[in-house]
Amino acid sequence: MTKTIEDLQRDMEAAAHALDFEEARRIRDRINLLRGGSDAAEAAEADTSGLVRQKPGAMGLGSSRQRPIPPPDWKPPPKPDLMTSGRKRK
């Protein structure tokens, strides 16, 4: 049986009122998946334990972007020589 978002919101509020915050978190994540466009079966089976909310201290423009991780054998290119006073401009 598939539950509607309103039913899930009532279940989430009941779990939070009963101080079962882990269950309320699972239901909240399931509601977010349903609102995002997944069907009820996918939302019920989804493992949401790896989902992480943005930390308050890291908020700001572009803070939710991923950082690129270079390959382990990558070396940055050498910096240009800033001492160019003795060279001709042509």
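Being a predicted model, the structure only gives us computed values, none of them experimental. Numbering starts at 1 and runs along the sequence shown.
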When every non-hydrogen atom of Leu8 is compared with those of Ile31, the smallest separation belongs to CB-CG1, 3.6 Å
Measure the spacing between CZ of Arg25 and CG of Asp20 and express it to the nearest 0.5 Å. 10.5 Å
Mind listing the closest non-hydrogen atom pair of Ala15 and Ala24 along with its distance? CB-N, 4.0 Å
Run the salt bridge (Lys or Arg N to Asp or Glu O under 4.0 Å) test against Glu6 and tell me which residues pass, sequence neighbours left out. none
Residue list, side-chain contact (heavy atoms from CB on, under 4.5 Å) with Pro71, at least two apart or on another chain: Asp73, Trp74
Rounded to the nearest 0.5 Å, what separation is found between the CD atom of Glu23 and the CD1 atom of Ile27? 4.5 Å
In terms of side-chain geometry, is the basic nitrogen of Asp7 or Arg10 positioned less than 4.0 Å from the acidic oxygen of its partner? yes
Got a sec, which residues hit side-chain contact (heavy atoms from CB on, under 4.5 Å) with Glu13, two or more places apart in sequence or on another chain? none
To the closest 0.5 Å, what do you measure between CD1 (Ile5) and CE (Met12)? 11.0 Å
